[in-house]
Amino acid sequence: QVQMVESGGGLVQAGGSLRLSCAASGRTFSRDVMGWFRQAPGKEREFVAAISWSGGYTSYLDSVKGRFTISRDNAKNTNYLQMNSLKPEDSAIYYCAAGYVSDPWRTLRNPDDYNYWGQGTQVTVSS
């Protein structure tokens with residue numbers, strides 16, 4: 001059974017940092033793009049960041065560029081989202097996702113391209 005479990009969310013003051021982790025199990029994800037999405041109350045789910053299965057290519061939402069960093073450890077089937085300089089508008093439930101692609105350089109920004117999703121972890125940034 002494939003599972004993806006996020007951790008590391010919580011309450012932090014504006015300007016602070018959090019590191020989200022996503023542990024995948026049930027099969028090898030070494031050929032999957034790993035991504036993070038978020039959804040705030042009353043808003044649609046939006047793309048945040050993605051990393052190619054090779055680890056050499058990343059893609060970010062414009063508003064998080066320079067503040068968030070996605071990384072992965074294929075040996076551990078785990079990926080991470082380091083979030084610095086957090087703002088109240090970053091508050092949301094954060095979801096990790098995995099999507100298979102054949103090309104080592106590809107990243108995915110469309111949630112419909114992802115096959116597996118975690119349950120989400122709450123991130124709240126106070127002003």
Side-chain angles (χ1 to χ4, degrees):
Q1 180 182 359
V2 172
Q3 280 191 316
M4 302 187 69
V5 180
E6 303 96 336
S7 61
L11 173 64
V12 65
Q13 288 188 331
S17 298
L18 285 174
R19 189 194 195 205
L20 305 184
S21 299
C22 175
S25 62
R27 70 168 179 83
T28 299
F29 286 83
S30 59
R31 294 297 179 99
D32 288 68
V33 170
M34 305 301 285
W36 287 90
F37 291 76
R38 66 187 182 189
Q39 188 166 19
K43 296 187 177 181
E44 293 187 353
R45 187 172 298 192
E46 68 175 351
F47 167 80
V48 176
I51 186 167
S52 63
W53 61 253
S54 68
Y57 299 85
T58 56
S59 180
Y60 294 95
L61 177 69
D62 283 349
S63 62
V64 308
K65 283 181 181 177
R67 300 188 297 122
F68 291 11
T69 302
I70 188 170
S71 61
R72 66 188 294 162
D73 184 337
N74 285 345
K76 296 182 179 180
N77 254 7
T78 300
N79 75 94
Y80 309 94
L81 185 67
Q82 178 67 44
M83 305 186 296
N84 299 329
S85 302
L86 282 161
K87 304 175 181 180
E89 51 264 41
D90 294 319
S91 297
I93 299 175
Y94 282 71
Y95 300 89
C96 70
Y100 176 81
V101 296
S102 58
D103 301 306
W105 45 266
R106 281 192 65 190
T107 58
L108 302 172
R109 300 174 70 98
N110 187 334
D112 293 338
D113 291 329
Y114 287 84
N115 309 112
Y116 302 102
W117 292 83
Q119 293 297 310
T121 185
Q122 178 72 49
V123 171
T124 304
V125 184
S126 63
S127 56

Between side-chain atoms of residues 97-113 and protein atoms elsewhere (two or more places apart, or another chain), which donor-acceptor pairs fall under 3.5 Å?
residue	atom	partner	partner atom	Å
Arg109	NH1	Ser59	OG	2.4
Arg109	NH1	Tyr60	O	3.4
Asn110	OD1	Asp112	N	2.9

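- Phe47 and Tyr95 fall within the same hydrophobic cluster, where Ile, Leu, Val, Met, Phe, Trp and Tyr residues are linked whenever their side-chain heavy atoms come under 4.5 Å apart, directly or through other members.
- Looking at heavy atoms from C-beta onward, Leu61 lies in side-chain contact with Arg38 at the 4.5 angstrom threshold.
- Residues Asn115 and Val2 are not in side-chain contact: their nearest non-hydrogen atoms beyond the backbone lie 4.5 Å or more apart.
- Criterion: ILVMFWY side-chain heavy atoms under 4.5 Å apart, direct or through other members. Under it, Phe37 and Ile51 are not part of a common hydrophobic cluster.
- The same ILVMFWY cluster, assembled from side-chain heavy atoms under 4.5 Å apart, contains both Met4 and Trp36.
- Panel note: side chain Asn77, backbone Phe29; a donor-acceptor pair is recorded below 3.5 Å.
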For residues 6-18, which side-chain N or O atoms pair as donor and acceptor with protein atoms under 3.5 Å away, sequence neighbours left out?
residue	atom	partner	partner atom	Å
Glu6	OE1	Gln119	N	3.1
Glu6	OE1	Gly120	N	2.8
Glu6	OE2	Cys96	N	2.9
Glu6	OE2	Gly120	N	3.1
Ser17	OG	Asn84	OD1	2.9

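- Residues Ile70 and Trp117 do not share a hydrophobic cluster, defined by chaining ILVMFWY side chains whose heavy atoms lie under 4.5 Å apart.
- By the rule that hydrophobic residues join a cluster once side-chain heavy atoms approach within less than 4.5 Å of another member, Val125 and Val64 end up as members of one cluster.
- Contact annotation: the side chain of Trp53 approaches that of Arg72 to within less than 4.5 Å [non-hydrogen atoms, C-beta and beyond].
- To the nearest 0.5 Å, atoms NZ (Lys87) and OG (Ser127) are separated by 14.0 Å.
- Atom CZ of Arg27 sits in a crowded spot, with more than 12 heavy atoms from other residues, nucleotides or ligands closer than 6.0 Å.
- Here the side chain of Asp32 pairs no donor or acceptor atom with the backbone of Met34 at under 3.5 angstrom.
- Salt bridge status for Asp62 with Lys65: present, with a side-chain N to carboxylate O gap under 4.0 Å.
- Counting only heavy atoms from C-beta outward, the side chains of Met83 and Asp90 never approach each other to under 4.5 Å.
- With rounding to the nearest 0.5 Å, the separation of OG1 in Thr69 from OH in Tyr80 is 14.5 Å.
- In the model, Ser54 has a side-chain atom that pairs as donor or acceptor with a side-chain atom of Ser52 under 3.5 Å.
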